[in-house]
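Right, one structure below, let's go through it.
As a basis for the values below, the full set of heavy atoms in this structure was taken, side chains included, without hydrogen atoms, waters or symmetry mates. Note on naming: letters A, B, ... go to the chains in the order of the sequence lines (proteins, then strands), and numbering restarts at 1 for each one.
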There are 2 protein chains.
Amino acid sequence: MLDDIDRRMVETLVEDARISLKELAQRVGLSSPSASERLKRLEERGVIRGFTVDVDPAALGYTLQAIVRIRPLPGKLHVVQDLIQQIPQFSECDKVTGDDCFVGRLHIRSIDELDTILDRIADKAETSSSIVKAQPVKRRLPPLL
Amino acid sequence: MLDDIDRRMVETLVEDARISLKELAQRVGLSSPSASERLKRLEERGVIRGFTVDVDPAALGYTLQAIVRIRPLPGKLHVVQDLIQQIPQFSECDKVTGDDCFVGRLHIRSIDELDTILDRIADKAETSSSIVKAQPVKRRLPPLL
DNA sequence: TGCGCCGGTCGATGTCATCAAGCATTTTTC
DNA sequence: GAAAAATGCTTGATGACATCGACCGGCGCA
């Protein structure tokens with residue numbers, strides 16, 4: 001699926017996506033045009049969805065994170081989903097199997113803010129929140145086969 | 001904390017971190033050197049932690065995702081944490097308050113693989129897994145104040 | 001009022017991305 | 001099994017870009 005050079009390119013770009021093509025090329029042992037061509041194909045194949053920036057929420061004042069499980073009351077599933085999407089402090093949310101229909105990550109500046117946000121959901125769903133104390137595994141790639 | 005130009009720079013880079021300085025500059029209405037200077041300071045301030053690539057796990061064969069809650073048995077907390085860190089299919093894991101000590105995201109190619117991985121934890125912790133059916137909120141930034 | 005600082009522009013210079021041409025190796029086809 | 005075609009690479013030329021120094025205007029402050 002990915003050969004060794006592709007893997008090293010992806011791993012290199014995960015560390016610094018704004019590296020020059022020239023440097024990327026020499027790190028994986030290719031010429032710039034070849035690296036450019038491979039990069040283009042990784043994007044075309046959908047392996048690389050895009051290039052982005054890693055922003056630290058804490059540096060923006062969001063010193064707290066919570067993982068919130070949400071179980072909409074009967075008939076409220078769509079309302080709740082819309083509500084979640086409209087609350088920008090949810091930086092991600094998954095719809096999952098099981099009783100807890102949604103699991104989301106909330107970035108907040110205080111416990112107060114958590115309370116305010118959950119109040120908006122409280123009459124449409126049961127919620128269960130856990131404050132993030134540490135991140136033993138920071139965002140990383142699964143193994144590149 | 002962030003002025004309007006900073007915000008637009010960050011938002012632009014979230015969309016495409018490999019854009020040229022020149023284009024970034026003209027999108028926010030600055031000259032290239034000014035944009036370069038601001039970018040450098042956003043990194044120095046820790047607002048921007050780095051530039052990275054958005055890899056699609058599905059394109060690598062990881063067509064399934066699970067959210068796993070993990071409650072280590074008494075005395076097993078550190079062993080479990082080490083184990084989680086060593087399992088590369090965990091793309092992220094948070095240590096949280098409450099009974100479920102850890103919440104992680106697992107990328108797997110089949111239900112079989114889920115079973116295999118959870119077996120490695122089973123004698124040290126209780127786990128509760130939910131398969132991700134959809135992602136109503138894809139990874140996004142909290143509001144930039 | 002005058003001084004110094006901050007954040008900006010402009011223009012020159014060296015680095016980089018990109019394109020076309022060509023080459024070696026592998027795959028396909030008859 | 002040999003000719004043809006397709007891959008994937010390199011090199012060198014050209015135009016675009018990042019970066020640096022010099023300079024400028026507005027603002028806070030003694």
Side-chain angles (χ1 to χ4, degrees), chain A residues 1-63 109 139 141-145, chain B residues 1-63 109 139 141-145:
Chain A
M1 192 155 246
L2 251 54
D3 70 9
D4 189 56
I5 291 181
D6 287 334
R7 261 191 294 274
R8 278 154 60 206
M9 285 184 65
V10 170
E11 283 162 2
T12 302
L13 288 169
V14 166
E15 296 303 313
D16 183 3
R18 273 186 76 80
I19 195 180
S20 72
L21 260 186
K22 188 189 178 190
E23 183 162 352
L24 175 61
Q26 55 202 29
R27 284 203 202 169
V28 302
L30 285 181
S31 64
S32 309
S34 299
S36 174
E37 180 63 23
R38 274 178 181 265
L39 194 51
K40 204 177 72 186
R41 296 191 56 225
L42 284 170
E43 292 187 63
E44 285 167 358
R45 284 200 272 162
V47 175
I48 292 181
R49 272 193 293 234
F51 304 92
T52 189
V53 67
D54 180 18
V55 173
D56 183 7
L60 299 171
Y62 298 97
T63 49
R109 281 165 291 177
R139 235 170 173 310
L141 288 183
L144 307 177
L145 321 159
Chain B
M1 194 154 242
L2 252 53
D3 70 10
D4 189 56
I5 291 182
D6 287 333
R7 261 190 295 275
R8 279 153 60 207
M9 284 183 66
V10 170
E11 282 161 2
T12 303
L13 288 169
V14 165
E15 296 304 313
D16 183 3
R18 273 186 77 81
I19 195 179
S20 73
L21 261 185
K22 187 189 179 190
E23 184 162 353
L24 175 62
Q26 55 201 30
R27 284 204 201 169
V28 303
L30 286 179
S31 64
S32 309
S34 300
S36 175
E37 180 64 23
R38 274 178 181 265
L39 195 50
K40 205 177 71 185
R41 297 192 54 226
L42 284 170
E43 292 187 64
E44 285 166 359
R45 283 200 274 161
V47 174
I48 292 181
R49 271 195 292 235
F51 304 92
T52 189
V53 68
D54 181 18
V55 173
D56 183 6
L60 299 172
Y62 298 97
T63 49
R109 281 165 290 178
R139 233 167 175 316
L141 288 183
L144 308 176
L145 321 159

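Under 4.0 angstrom from either OP1 or OP2 of D:dT10 there lies at least one side-chain N or O belonging to A:Ser34. The phosphate of D:dC9 (OP1 or OP2) has no side-chain N or O of A:Ser31 nearer than 4.0 angstrom.
Of the candidates C:dT18, D:dT10, C:dG7, the closest approach to any side-chain atom of B:Arg38 belongs to C:dG7. Comparing D:dA18, C:dG7, C:dT18 by their nearest atom to the side chain of A:Pro33 picks out C:dT18. Ranking D:dC9, D:dA18, C:dA17 by closeness to the B:Leu21 side chain, first place goes to D:dA18.
Going from atom CG of B:Leu39 over to atom P of D:dC17 covers 17 Å, rounded to whole Å. Atom CG in B:Asp6 sits roughly 16 Å away from atom P in C:dC6 (whole-Å rounding). Taking atom CD1 on B:Ile19 and atom P on D:dA16, their separation rounds to 18 Å, with Å as the unit. Per the geometry, NZ belonging to B:Lys40 stands 14 Å off C1' belonging to C:dG8, to the nearest Å. Taking atom CD of residue B:Glu37 and atom C1' of nucleotide D:dA22, one finds them 16 Å apart after rounding to whole Å. At whole-Å resolution of the value, CD1 in B:Ile5 and P in C:dG8 are 6 Å apart. Put simply, CG on B:Leu24 is 9 Å from P on D:dA18, counting in whole angstrom units. A straight line from CD of B:Glu23 to C1' of D:dA16 spans 13 Å, rounded to a whole angstrom.
Of the residues B:Val53, B:Val14, B:Asp54, the one that meets the side chain to side chain contact (heavy atoms under 4.5 Å, CB included) test with A:Phe51 is B:Val53. Partner of B:Leu2 under the side chain to side chain contact (heavy atoms under 4.5 Å, CB included) criterion, chosen from B:Met9, B:Arg45, B:Arg8: B:Arg45.
Scored by the side chain to side chain contact (heavy atoms under 4.5 Å, CB included) test, A:Arg41 finds A:Glu37, A:Glu44 as partners (sequence neighbours excluded).
Axis angle, first five pairs versus last five pairs of the helix from C:dT1-D:dA30 to C:dC30-D:dG1: 40°, rounded to 10°.
Between the CG atom in B:Asp16 and the OG1 atom in A:Thr52 there is a gap of 9.0 Å [rounded to 0.5 Å]. Note that CD1 of A:Ile5 is 11.0 Å distant from CG of A:Leu42, once rounded to the nearest 0.5 Å. With rounding to the nearest 0.5 angstrom, the OG atom of A:Ser34 is 10.5 Å from the CG atom of A:Leu21.
Within the 4.0 angstrom heavy-atom criterion, only backbone atoms of the sugar-phosphate kind lie near A:Arg41; the bases stay farther away. Among the protein residues, A:Ser32 comes within range of the nucleic acid bases, having at least one heavy atom under 4.0 Å from a base atom.
Nearest-nucleotide positions on DNA chain D place A:Asp3 closer to the 5' end than the other of B:Lys22 and A:Asp3.
When atom types are taken as modelled, the side chain of B:Arg18 and the backbone of A:Ile19 share a donor-acceptor pair closer than 3.5 angstrom.
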